[in-house]
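One structure is given here, and the rest of the page talks about it.
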Amino acid sequence: MASNYKEYRDLNFAKIAEEMLEFWKKEQIFEKSVSNREGAESFTFYEGPPSANGTPGIHHVMARTVKDIFCRFKTLEGYQVKRKGGWDTHGLPVELQVEKLLGITKDDIGKKFSIEEYNNKCRETVMMYKDQWDDLTTKMGYWVDLKNPYITYEKEYIESLWWILKQFYDKGLLYKGYTIQPYSPSDGTGLSSHELNQPGCYKEVKDTSIVAQFKVKRDSKSEFLFANAHSDAFILAWTTTPWTLPSNTALAVGEKIKYVLVNTFNPYTFKPVSVVIAKDLVGKYFAEKNKDLSIENYKPGDKAIPYKVVAEFTGKELVGVRYEQLMPYLQPLTDADKAFQVVAGDFVTTEDGTGVVHTSPTFGADDFRVAKQNGIPALTLKDEAGNEVPTVDKKGKFVSPIGEKLKEGVAKFKIKTHKPLGADDFYVKNYTDEDESHPDYKTTDVIISIILKEENKAFDVRKYEHTYPHSWRTDKPVLYYPLDAWFIKTTALKDKMVELNKTINWKPESTGTGRFGNWLENLVDWNLSRSRYWGTPLPIWRTKDGREEICIGSLEQLNKEIEKSIAKGLMKKSPVEKGDLHRPYVDDVILVSASGQPMYRETDLIDVWFDSGAMPYAQWHYPFENATVFEQNYPADFIAEGVDQTRGWFFTLHAIAVMLSESSDVIKAVNKKVGNGGVAFKNVISNGLVLDKDGNKMSKRKGNVVNPFEALSTYGADVVRWYMIENAPPWDNLKFDFDGIVETQRRFFGTLLNTYSFFALYANIDGFVKDEMNLGDEKHLTNLDRWILSKLQTLTQEVTKAYEEYEPTKAARAIQNFVNDHLSNWYVRLNRKRFWKGEMTQDKKAAYETLYECIMVTAQLMSPVAPFFSDWLYKNLTDNIRAAAIKNNTPLRFASIHLTDLTKPETNRIEEDLEKSMDYAQRICSLVHSIRKNSKIKVRTPLKKILLPVVDDSFATRIKTVEEIILAEVNVKAIEYIDDTSGIVVKKVKPNLPKLGKQYGPKMKEVSAVIASMTKEEIAAIEKTGKLSKGGFDLSVEDVLISSEDIPGWAVATEGGITVALDINITDDLKREGIARDFVNRVQNMRKDMGLEVLDKIGIEVEKDGEVVTAALTEFKEYISVETQALSLELKEKVAGASDVDMDEFQLKVKISVKK
RNA sequence: GGGCUUGUAGCUCAGGUGGUUAGAGCGCUACACUGAUAAUGUAGAGGUCCGUGGUUCGAGUCCACGCAGGCCCA
């Protein structure tokens, strides 16, 4: 007989995947799955580009499984899902890798190694592991278009980026400002965080630290500080960089921190002062033993300084308090009215200092940020060219107006120095190699502290030892210093971003509202500048004096400007004529300004995050090309990346989209056309981390890194994918455990495969062929068929909903439950006999149709998660009828499951009553098994009856529809339904707490006691009349839960409101039948031991052994023969060559021979 | 230090709107079943629901404060 359905013995899921890959490749299934849907509505997915300069890890399998699931699902639903792959190619990691490869440092670039060569090397290196990535993509079954990927270094891509930047520029959303960065005055250059992390960079140094007294301005806001003060009120703030004090413009406090006001005396001037300090830090500046000293008796010069805490308040109350400028040498250029007040800072701690942080926006990153957020100006001045500069110049020296004041101070307070100091001699650190061993050498910090002490403005001055970063080249201290940078004014559209974020469906929600939402609320402008070589150049050219500038938004514009410049004689020919827009070529472009001045490119590159965040536009080279494709694929319906991308890609996508939607007329028009409010994506899954099985982060150092290729080749992509999704929701961290994968393989895939194999085995024997044109008549379906089909519809509904709600774990778990619990362990198990017995009948056909449909739909529902195995199942089930299906144009005409249309749930086939009944049946069977177990009666021994107390009629009706199933399953002859009238059921009553609670509240204990004490008669009464008055309570039947849990004298089991009693008397009839069944079992085992096939016929000879056995074998001869495929069953006095068979209670001598 | 997040059996996880005895799978032990057999059923052992307070007649669930892990940011 020709096999319609392939049968498999040695199954290997990795091998199936290989086989399917081959097939997909040959038949171009992925390409077809997209082209198939030409003209259909598109579902847009954006691929977050990976960087191929590192090797892929197991977490990429996780992330990409999530992406793949929904793209596949939406394709099944009928959408066209183009998914353009992409590569992230710029950025620091690439550069660092190249530096390492070449054995050079950043300093060598442009010297030992030309920028041109360097960038070429970057270009090569960035695709170093592309092969591995492609391999992973293929092997894990991730469908993404890698034939036409977007690559961020290509000139078209960069042109789109320039276009976007110009949109911002034209609307004033791109500006040059400054940001606080580590800067080394000794080598005149900024340092990257990477350079700062060089070993030996952080050194232990002793610096002068000052606790300065900031005098509070008395007004309504600060009045509370004066209530108990015995002098002016001062706020104490600590700094290890006294040189930043002349540029102080604010003080930061922690809103939740507790502060106190202390009456005491200045230790240098002995004047009475009332100072504000964090409560926790009082002990640091005041000796406990001086607490009780009398303030009144203090005399200037006393060593023990008394102090008294006179008020307590939170930082929140201090916010807004104003104070006098500490060193009024210069005034802020702008917003002077906002300067010199207390603000809240989330970085303030009570770990050291005074719990108040002196803030100087030009010399600290936190300071800068908090000032910006509160509208506090920095203290700056104009240089000769009119540019705004900080109080310290790039050589690390105070500007002369400050120097002048310090010089005055030195003179006024007669401070001895090692040499006369002019206004231009005040370096904030020793950058001029002064002789520090000179007895009168004083650092600028020390000079400042002396001046402050004299002016009653220093509360505590001491040496402080701490680590401080130094230049790795010169060993001189680094300053945190304002450096030029280009910014995108994201703050201008902060509200819009916050608002639009609320329209995005985040999975999990908390990442959107919490992590992302909070980040948006505290947004600062996006610093776009990077001082590197390999990246997208900033398309801005400026004249030397910075008065004229131009932002280039396209190649065409650039070339035009270049022509102008050539005409002016500034260049001979275009440095970018080869089309490479990278450095160094673009740096050689000199443009001409309107007034005829040469303009040079701002040397910065832009943040690589801008590259990836702009991919919705740049991947299509929009707006220069592909306007239609862009409109069809904008915005994204769905994106997914790791949660670590919240402030990375998720943010840049959102920020760029919102800003373009507000600033670009072109995008506004598109938004209107496609009905987009301005977002880049509508649904987003941010998945968690993949940890090792003990919950540790995977790292090379720990040696717990899982090789994705190994996992895939050992278990196959389906099992790995399924495990990852089924185990926990993607946004939870996954503890990756191979034992878990093995379990998934065995428990789910093994079971499903068994189910298929079972189907294939018998379908082949019976020659069953699926016929889509001639579906079986529904009336031949049994209860069990209708039940599993109903379950299948419910499953389809549930799974579809789960996928639509981006809940893949729910989908996978539902499928798994269906396959394991319902399809395999119930439907197939109970139906086995239908399949293996007799000729092909309508009933049997119905069974095949049913099982076929279940496997088919299951395969389809699981296909987004397990694309290989599901397609393999599909092909096995349908390859034999493909030609016919194509001819008839029926649903199974497609070569792959991934080309099919998703089966819609048919709610009219859901039979809730039947599902409920079957649920009862399963539970009753479980209870009967339990009783058998306790009574030690095996299932092969038939029993007479089950007693089933029925609480209401509908219950009995339900059970009757599944009675036969129960009886067959537990091998019992009958069910007897008993109701109240039988008088053998003992009813129990319990309070219905949720209902009673609302009604009686505090009286619950009383009511419960009353209900517990109800008599048999009272229970009957309340059941009959629906009410009962007892113990002062008027109870209704809804207030109690009545159940029957005991039948005296019977073996009983109860669970979840169902009670079952079993008649465990074994009569002679039952015993004989039991023997017959046992005998069948033994013969079957012997057949198996003999290696017989299912259809092989046998003859059985048995030696006589006692009356009961003889009677049993005679009475059930027919039954035994059918079950065991026996042509004869003979009872003889003596059987030669018979083997001993253990029948538990006795032995039999049996011989089996094969009959042809 | 801040934001977010997790904590339930040896392991992996479920446990709308508070409700009586907290569940499943795996693993372990025992028994059974057997023509799906590298399957299957039943039972048993196994819990301070991270801790401490609070709200409530009643808290795994709500609130507060902690502890421990994770991510991101400082």
Side-chain angles (χ1 to χ4, degrees), chain A residues 9-11 254 256-257 345-351 365-366 369 508 510-519 521-522 642-648 686 688-689 691 693-697 723 726-729 731-735 737 739-740 742-744 746-748 750-751 753-762 809 813 816-817 820-821 824-825 828-829 832-833 835-836 925-934 936-940 969 971 990-998 1000-1008 1012 1041 1080-1081 1084-1085 1087-1088 1092-1095 1123-1125:
Chain A
R9 292 248 150 74
D10 168 40
L11 236 300
K256 288 183 193 160
I257 297 175
D346 56 19
F347 51 86
V348 180
T349 71
T350 54
E351 250 159 50
D366 277 336
R369 186 168 52 89
S510 59
T511 299
T513 54
R515 190 181 281 209
F516 195 65
N518 289 344
W519 156 255
E521 295 282 356
N522 294 308
V643 67
D644 52 329
Q645 294 293 330
T646 309
R647 291 171 190 198
S686 77
L689 267 65
L691 308 169
K693 69 186 171 74
D694 299 319
N696 299 309
K697 210 170 167 173
Y723 163 73
E726 184 270 340
N727 188 271
W731 37 88
D732 280 357
N733 289 346
L734 172 71
K735 291 179 191 166
D737 188 356
D739 289 347
V742 172
E743 188 186 323
T744 298
R746 208 169 52 81
R747 204 173 141 63
F748 175 61
T751 305
L753 180 64
N754 272 336
T755 307
Y756 166 75
S757 302
F758 176 85
F759 168 83
L761 175 67
Y762 291 104
T809 305
R813 285 179 180 172
Q816 193 164 317
N817 284 343
N820 287 343
D821 298 346
S824 169
N825 291 346
V828 173
R829 194 157 57 83
R832 275 175 299 184
K833 288 209 167 117
F835 288 95
W836 77 58
C925 288
S926 167
L927 289 168
V928 173
H929 279 133
S930 164
I931 298 172
R932 277 181 171 276
K933 155 80 188 168
N934 288 333
K936 296 190 196 309
I937 301 172
K938 50 192 172 185
V939 179
R940 264 194 302 258
E969 174 67 6
N971 197 15
K990 283 181 182 173
N992 183 4
L993 292 169
K995 178 160 187 308
L996 289 170
K998 283 186 193 104
Y1000 293 106
K1003 286 186 176 171
M1004 280 295 288
K1005 280 195 178 130
E1006 237 181 289
V1007 186
S1008 300
L1041 301 170
V1080 168
N1081 162 249
Q1084 300 286 33
N1085 285 345
R1087 285 181 59 114
K1088 206 156 78 182
L1092 298 188
E1093 293 295 319
V1094 177
L1095 294 177
E1123 289 293 319
T1124 60
Q1125 304 276 1

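As the structure is a computational prediction, the values presented were derived from the model and not from experiment. Every chain is numbered from 1 and lettered A, B, ... according to where its sequence line falls, protein lines coming before strand lines. Basis for what follows: all heavy atoms, side chains included, without hydrogens, waters or symmetry-related copies.
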A:Glu521 CD to B:rC4 P, in whole Å, measures 12 Å
Output for pair (A:Asp739 CG, A:Tyr723 OH), nearest 0.5 Å, gives 8.5 Å
note: A:Arg747, atom CZ; B:rA36, atom C1'; distance rounded to Å ~ 15 Å
* Touch class at under 4.0 angstrom, heavy-atom based, for A:Val828 against every strand present -> base
Rounded to whole Å, CG of A:Asn971 lies from P of B:rU42 at a distance of 16 Å
From CG of A:Asn518 across to C1' of B:rC4 the rounded distance in Å is 8 Å
One should read off an interatomic distance between A:Leu761 CG and A:Asn754 CG, to the nearest 0.5 angstrom, of 11.5 Å
_Has A:Arg832 got a side-chain atom pairing as donor or acceptor with A:Arg829's backbone, closer than 3.5 angstrom?_
yes
Output for pair (A:Arg813 CZ, A:Asn727 CG), nearest 0.5 Å, gives 7.0 Å
Using the C1' atom as the point on both nucleotides, what is the distance between B:rG44 and B:rU48, in whole Å?
23 Å
Rounded to whole Å, the CD-P distance (A:Glu743 to B:rA39) equals 13 Å
NA contact type, A:Asp366, heavy-atom cut-off 4.0 Å: base, sugar-phosphate, or nothing?
sugar-phosphate
Can you find a donor-acceptor pair, distance only, under 3.5 Å between A:Ser824 side chain and B:rA36 base? yes
A:Phe516 CZ to B:rC73 C1', in whole Å, measures 14 Å
In Watson-Crick or G-U wobble terms, with both distances under 3.5 Å, the base opposite B:rG1 is B:rC73
Re B:rU40: Watson-Crick or G-U wobble partner, both distances kept under 3.5 Å, found to be B:rA32
Could you tell me how far B:rA9 sits from B:rA14 if I compare only their C1' atoms? Round to whole Å. 13 Å
Can you check the distance between B:rG54 and B:rG60, where both ends of the measurement are the P atom (answer in whole Å)? 15 Å
Distance col, row A:Asn820:CG vs A:Thr755:OG1, nearest 0.5 angstrom, shows 8.5 Å
The reported gap from CG in A:Leu689 to CG in A:Leu734 (rounded to nearest 0.5 angstrom) is 10.0 Å
Pairing partner of B:rG19, by Watson-Crick or G-U wobble and under 3.5 Å for both distances, is B:rC57
Q. Which part of the nucleic acid, if any, lies within contact of A:Thr513, taking any heavy atom under 4.0 Å across all strands shown: a base, the sugar-phosphate backbone alone, or nothing?
A. nothing
### Message
Measuring to OP1 and OP2 of B:rA36, would you say a side-chain N or O of A:Arg832 lies under 4.0 angstrom away?
### Response
yes
Given the C1' atoms of B:rA22 and B:rG47, what is the spacing between them in whole Å?
9 Å
Detail all sub-3.5 Å separations between protein N/O atoms and N/O atoms belonging to nucleotides 12-16 of chain B.
from, atom 1, to, atom 2, distance (Å)
B:rU12, OP1, A:Lys735, NZ, 3.2
B:rU12, O3', A:Asn727, OD1, 3.3
B:rU12, O2', A:Asn727, OD1, 3.2
B:rU12, O2', A:Asn727, ND2, 2.5
B:rC13, OP1, A:Asn727, OD1, 3.4
B:rC13, O3', A:Arg813, NH2, 3.4
B:rC13, O2', A:Arg813, NH2, 3.1

Rounded to whole Å, the CZ-C1' distance (A:Phe748 to B:rU40) equals 18 Å
request  = Look at all strands and tell whether A:Ser757 reaches a base, only sugar-phosphate, or nothing, counting heavy atoms closer than 4.0 Å.
outcome  = nothing
Tell me whether the side-chain N/O atoms of A:Arg515 come closer than 4.0 Å to OP1 or OP2 in B:rU5. no
Closest non-hydrogen contact found for A:Pro508 with A:Trp731 is CD-CB, 3.3 Å
Ignoring backbone atoms, establish whether A:Tyr756 has a side-chain N or O less than 4.0 Å from OP1 or OP2 of B:rA36. no
Paired to B:rG25 by Watson-Crick or G-U wobble criteria (both distances under 3.5 Å) is B:rC11
Worksheet item: For B:rG27, does OP1 or OP2 lie under 4.0 Å from any side-chain N or O of A:Arg746?
Response: yes
Note: for A:Thr511 and A:Leu689 on RNA chain B, the residue whose nearest nucleotide lies more 5' is A:Thr511
Checking B:rC4, B:rA74, B:rA36 against the side chain of A:Asn754 (C-beta onward), the nearest is B:rA36
When rounded to the nearest 0.5 Å, the distance separating CZ of A:Phe748 from CG of A:Asn817 is 10.0 Å
From CG of A:Asn825 across to C1' of B:rC33 the rounded distance in Å is 13 Å
Taking a pair to mean Watson-Crick or G-U wobble geometry with both distances below 3.5 Å, B:rC65 pairs with B:rG51
**Message:** Are A:Val828 and A:Phe758 packed together at the side-chain level, in the sense that at least one heavy-atom pair is separated by less than 4.5 angstrom?
**Reply:** yes
